[in-house]
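Data block below; observations after.
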Amino acid sequence: MVLHPLPAFADNYIWCLHNGEEALVVDPGEDRGVLDWLGREGLSLRTILITHHHPDHTAGVAALREATGAEVIGPAREVLPEPVRRVAGGDRVQALGQDFEVIDVPGHTAGHIAYFLPASAGAPPLLFCGDTLFSGGCGRLFEGTPHQMLASLRRLASLPDDTQVCCTHEYTLANLAFARAVEPDNPDLAEYLVHCRELRERNFPTLPSSIGLEKRVNPFLRSAEPAIVRAVAGHTGVEPADPVAAFAALREWKNVYR
Ligand code: ZN
Ligand code: FE
């Protein structure tokens with residue numbers, strides 16, 4: 001299986017997985033780039049996976065289905081261009097002969113889901129997590145609560161360390177700038193920032209990341225760490241009452257960080 005991020009818009013990736021003949025794509029916000037790529041690689045599109053309803057993840061779905069006849073699979077509780085096979089946490093999705101597990105990850109949107117493919121035949125596990133977990137950051141809370149998002153991120157953090165994290169946006173450098181402001185003494189973070197700057201200077205993706213790496217550098221997976229709780233308290237002037245309050249304050253700090 002080959003994993004390939006197709007850039008779209010200013011900073012989206014449409015993740016593609018293929019076996020040399022058949023392909024699946026995740027969150028196609030546009031169709032033209034996907035169709036060109038399928039043509040160049042000589043692949044037929046069999047499956048479209050959707051993580052949530054935002055247009056930058058779904059606007060290419062109808063045209064791609066029309067052009068290829070691909071099956072569309074998406075979250076049970078979101079408004080999407082029909083027909084969609086609806087799935088929810090605990091469901092399994094078969095695509096390209098692989099068995100994906102659906103995980104509910106509400107927070108960015110109310111019905112957001114992620115797709116997890118366990119390790120097989122020496123290949124590491126894969127996670128397609130949409131706008132829930134980013135490298136060095138997390139999605140904004142448009143529809144969910146801090147409590148929901150923290151639970152969703154903890155669920156993703158419980159996946160194996162070598163899980164390849166395929167998120168939808170190249171937000172890594174901006175996320176790491178904020179992470180450095182929150183946790184200036186984290187040596188893993190300093191090292192990762194240098195690495196990501198080098199990649200972006202050559203216009204390479206910083207993704208996929210991994211769960212193990214994100215647990216070391218991503219403040220939103222580290223919001224209960226004493227250093228981060230102290231930073232949040234210093235920023236707001238209030239000691240957070242519990243982990244959800246610390247996470248919520250961290251997310252609000254990021255919303256206004258420049
Ligand atoms: Zn979104
Ligand atoms: Fe998005």
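As a basis for the values below, the full set of heavy atoms in this structure was taken, side chains included, without hydrogen atoms, waters or symmetry mates. Atoms within a ligand are numbered from 1 in the order they appear, just like the ligands themselves.
Of the candidates L24, L17, V26, T47 forms a side chain to side chain contact (heavy atoms under 4.5 Å, CB included) with just one, namely L24.
Residue H169: an N/O/S atom is found under 2.8 Å from the Fe ion (ligand 2). Taking backbone and side chain together, H57 holds an N, O or S atom under 2.8 Å from the Fe ion (ligand 2). At least one N, O or S atom of D131, from either the backbone or the side chain, sits less than 2.8 Å from the Zn ion (ligand 1).
Centred on the Zn ion (ligand 1), the angle running from H52 (NE2) to H54 (ND1) is recorded as 90°, rounding to 10°.
Without hydrogens or angle criteria, R251 side chain to G139 main chain gives a donor-acceptor distance under 3.5 Å.
For D131, the N, O or S atom closest to the Fe ion (ligand 2) goes by the atom name OD2. Among heteroatoms of the N, O or S kind in H108, NE2 lies nearest the Zn ion (ligand 1). The N, O or S atom of D56 lying closest to the Fe ion (ligand 2) is OD2.
Taking the six-membered ring for Trp and the full ring otherwise, the centers of H52 and H57 sit less than 6.0 Å from each other. Taking the ring centroids of H54 and H112, they lie at or beyond the 6.0 Å cut-off.
We find that D36 and R40 are not joined by a salt bridge, their nearest charged nitrogen and carboxylate oxygen being 4.0 Å or further apart. Between D161 and R216, no side-chain nitrogen of the basic residue sits less than 4.0 Å from a carboxylate oxygen of the acidic one, so the salt-bridge criterion is not met.
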